[in-house]
Each structure stands twice: as C-alpha cells, then as structure tokens.
There are 2 protein chains.
Amino acid sequence: MPTTRATSEPPQTGRGRRGQRVSGDEREAAILATAERLLEEARPLADISVDDLARGAGISRPTFYFYFPSKDAVFLTLVDRLVQQAAVGQGDLRERLAEDPAKRWREALTVFYETFGAHRAVVIAGAQARTSNPEARALWSEVMEGWVADATLAIEAERERGAAPAGIPARELAIALVSMNERVLYATFADDAPAIDGERVVEVLLDVWLSAVYGRGEIPN
Amino acid sequence: MPTTRATSEPPQTGRGRRGQRVSGDEREAAILATAERLLEEARPLADISVDDLARGAGISRPTFYFYFPSKDAVFLTLVDRLVQQAAVGQGDLRERLAEDPAKRWREALTVFYETFGAHRAVVIAGAQARTSNPEARALWSEVMEGWVADATLAIEAERERGAAPAGIPARELAIALVSMNERVLYATFADDAPAIDGERVVEVLLDVWLSAVYGRGEIPN
DNA sequence: GGATCTGTCAACACGCTGTCGAGAAGCATG
DNA sequence: CATGCTTCTCGACAGCGTGTTGACAGATCC
C-alpha cells in the first residue's frame, strides 16, 4: 500500500509529499486545511473521499496522489501535528516535580482537555482511523505509551517520597488511568454515549486519579 | 439505508431476515457463523466483504441481501447477542446487594472479562463498527448507559449505608469508571497499545474502582 | 534549445455495494 | 395434477471510490 516511489528522495519532509522546495507546499497545506474543514462538517471519516479533498484544494484527484499516498495519510498528518502540540504543552509540567501534586495533576489533565478539545474533529477522525488503519493504530499506541511512561514515573516518585502508599504496580495503574482519560475525553468531545460534561470532566478525572494514586481502597463495614 | 421491504411482514424475528418459518433459518445462522469465523482471521472489519460472507455461507451475494440488509447488520446482530449474554451473566449479581462489596465488584468485573473475552473478535469488530455506523454507536451507547445506571445505583447505595464517603456525583464517577473498563478491557483483548495482561486486568480495574468509590483522595505532605 | 526537473490531469482497470428482474422450489388447494 | 402463491436464488447491471498510467506543460539549469 505504501508504494513509496523509488525516485531519488531527500530526507522526506513529513508524512506527505516527497519533493522539497517548490511552491506546491501551498497545495499540501490546502489539502490539510480542506481535510480539517471537511471533518468539521461531513461527519464520518469514511464519507470524505479523495475527490472531496482534491476538489477542496483546487486540484484533480490524480494530483492529490502526488502529495499524499492516500486519504489516511492526510488524517495521520493531522493527528501527528496535534499530538506534538499536546506534547509541547505537557513538556513544561514534566520538570516541575511534585510539591503541589493535586495542582500539577490538574494542570496535566487540563492541557489534554484543552489541546484536544480545540480540535475535536481531528480527535474523532483519529479514533476512527485507529480502528481500520494499522499505521494510525501504531502511532496512537506510541503516544499512549509515552503518557503511560510519564504517569508511571510520576506515581513511582510519589510513592518513593512517601506521598502515595504502595499498591499495584505503577505501570498497571498508569495504563488504567490513561485509558480512562482517553475514553472519557473522547466521549465528551464526540458527545457520545454516556459522557461527562465538558465543564466537569477534568474535575471528575482528577478525582479518580487522586484516589487511585493516593488513596487506599479500604472498605469499612 | 434500511430499505425495509414493504411486503406484509410479521413481528420481525431479529435484526436479520423478515420471513418466518422456512429452513432458510440455517442460512441466516450460516452467515452469522461465517461472520464470526472470518472476524477471527481477516483482521479489520472493513476487509470482510459481503461476498466473503455470502460465499462462506454457500450462497451468492444477492442472496445475502435477502437475509440481511447490509454487512453491518450482520455484525450488529453478533454484538447484540453478546451484549445480551453479558446482561444475563450480570443479572444475578444485581440483586445480591452489598455485604461483601469487594467480592461483588470483583464478580461483576469478572463477568465482563469472561463474557467478552470469550468473543474477542466480536468485541473488536463492534468497536470498529461503532466509529462508522450510527446504529452501532446507538446500540453501544445504550449498553454503556445501562452499566452506568447500575454502577450509579450501586455507588449511591454504598454511600447511603455509610460504607462509601460522599464525593463527586455518583453518575459522573460511574461514567468514568465504566469508560475505563471499556477501554482497558478492549486494549487487553485487542492486545493493543499499552495493555494490561489478561491475568491481571480484573485486579487492576478493581483496585481503581475500590479506591475511587471507597477511598478519599487526600494527599499528605 | 535540449535535458531534466516538478506538477497536472484525462482515462483506465478494478473492486465493492446494492438493486432489478427473471426465474426455481416448496406447498397448498380446488 | 394443474394452478397459484410465497419463499428463495442468482446473473447482470449501475454506480461509486480507489489507485495507476501515460502524456504533457512549465520552469530551470547548462
């Protein structure tokens, strides 16, 4: 499926076109912009055709293939961008260790909520792509893995300094909590199923994180 | 898309064919069986064509449409079944109220793990269908809503009898926890991304449920 | 002023979905 | 045992979407 043309190709700019300088960069940008625009209208990802993308960018369908190897690659690029954006927002927090933990955790959750909330359409498309596109799945796995690693370290640090009690392996806990974040935020953004209101979602997630990390699951009675 | 033929139709048996007695029931069953079998091989749902289903059941493609209105309807039926199965398994627990809460919660989680774990392929297909098929999305929403309602009641009951402390609205907490279950179990079954080992997953989920419901998120220091 | 890029598209080959119309196959009943 | 009704079956078609090919225009460099 990749069918990456075997012509002499430099470093490879992004996930898109393989050429380098030419003004055609605008075209690439136009395709991306069209994709995001269409996602905000035509609901399901599958309902957007290569032709829609091409026409939206003012080119023909074959020309589209000059810039991107497939429709999915376009959305992959969109998701890629967003993920990097979130990583940047998170970056600052990583250093500032625990001193006012609750505040730190809330900040971290807020960054996710805001970064992804600002591009709901892309988030939703990403979730769709993930189920059908192996590359998308791999990308998202990697991203989640990163968050889990961060959370694991944070939990372990809190345990070591005596702030949090010992408990199940930090990594397992981190996976459960990060997964919860993913699913709950998705539902909130997609206004799907039983969802938590946007105003409340960070508060609710924080509550679960704090009790899971710092609380003991002791049952009275 | 439904295009339900307007011929005189009785009650409507399931989501499938509209006829009634005839031996063609075997055909319907064969299609369903083929669907589940193919899901266990050909990875993505999208890679299974109506033709595959038809051939697998020993009929031609047009004949398939006599039994099911579309490919999705077949998978919907599969999911429907599974969900009902899980409801049955859960049913017993609902009555037996809280006396050994930890044990009860563990049992409930175990039922999900085992019921869905026994049909991973269907679970995975359901998740895929949900992203692209409105009907599937609605069905799953309903199911989740049911679990959330149960969990909400259980949490409120525990709070009323003084076993659990007051906290954020029970429904919000229930949504977060049920969502976590969904996502984490899915990852485990699909062996996706950062996943928790099957042997451990119930234990881990239980731990988070117990601390979220019974614990206080107080941070020392 | 020819070689060589980048960029562009009409036309094609193919695969999949869903429908239509022409029947077989079963089973009543007069 | 026709005759008719319903159930069931499929060949053939229309339509849409993808991805590829091949021809060709305009820069640009030498």
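Letters go in sequence order (proteins before strands), and every chain restarts at 1. Just so it is clear, the structure is predicted and the values come from calculations on it, not from any experiment.
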Any non-hydrogen side-chain atom of Tyr67(B) less than 4.5 Å from a side-chain atom of Leu32(B)?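 In short, these two side chains do not touch, never coming nearer than 4.5 Å.
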Does the side chain of Trp140(B) reach to within under 4.5 Å of the side chain of Glu182(B), using non-hydrogen atoms?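 Of all side-chain heavy-atom pairs linking Glu182(B) with Trp140(B), at least one is under 4.5 Å.
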Atom-to-atom span, [atom1] of [X] to [atom2] of [N] - whole angstrom:
{"X": "Phe66(B)", "N": "dG21(C)", "atom1": "CZ", "atom2": "P", "answer": "17 Å"}
{"X": "Asp72(B)", "N": "dG18(C)", "atom1": "CG", "atom2": "C1'", "answer": "13 Å"}
{"X": "Ile31(A)", "N": "dT8(C)", "atom1": "CD1", "atom2": "P", "answer": "9 Å"}
{"X": "Phe64(B)", "N": "dC10(D)", "atom1": "CZ", "atom2": "P", "answer": "14 Å"}
{"X": "Glu26(A)", "N": "dG7(C)", "atom1": "CD", "atom2": "C1'", "answer": "13 Å"}
{"X": "Arg27(B)", "N": "dA25(C)", "atom1": "CZ", "atom2": "P", "answer": "13 Å"}

Just how far is it from atom CD1 of Ile48(B) to atom NZ of Lys71(B), taken to the nearest 0.5 Å?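 Answer rounded to 0.5 Å: 7.5 Å.
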With 3.5 Å as the limit, what N/O pairs link the protein to nucleotides 12-18 of chain D?
from	atom 1	to	atom 2	distance (Å)
dT18(D)	OP1	Val50(A)	N	3.1
dT18(D)	OP2	Val50(A)	N	3.4

With a 6.0 Å cut-off (strictly less than), is the heavy-atom count around CZ of Arg55(A), excluding the residue itself, greater than 12?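 It does not: Arg55(A) CZ has 12 such atoms or fewer within range.
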Atom CD of residue position Glu41(A) - does it have more than 12 heavy atoms of other residues, nucleotides or ligands inside 6.0 Å?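 Yes, because the 6.0 Å sphere around CD of Glu41(A) holds more than 12 heavy atoms from other groups.
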Taking the side chain of Ile59(A) as heavy atoms from C-beta outward, which of dC9(C), dG19(D), dT7(D) is closest to it?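 Shortest atom-to-atom distance from the side chain points to dC9(C).
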Can you tell me if Thr63(B) touches the phosphate of dC8(D), counting only side-chain N or O atoms and a distance under 4.0 Å to OP1 or OP2?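 So the side chain of Thr63(B) is outside the cut-off, no N or O lying under 4.0 Å from OP1 or OP2 of dC8(D).
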Can a salt bridge be assigned to the pair Arg106(B) and Glu203(B) using a cut-off of 4.0 Å between side-chain N and carboxylate O?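 Glu203(B) and Arg106(B): salt-bridged.
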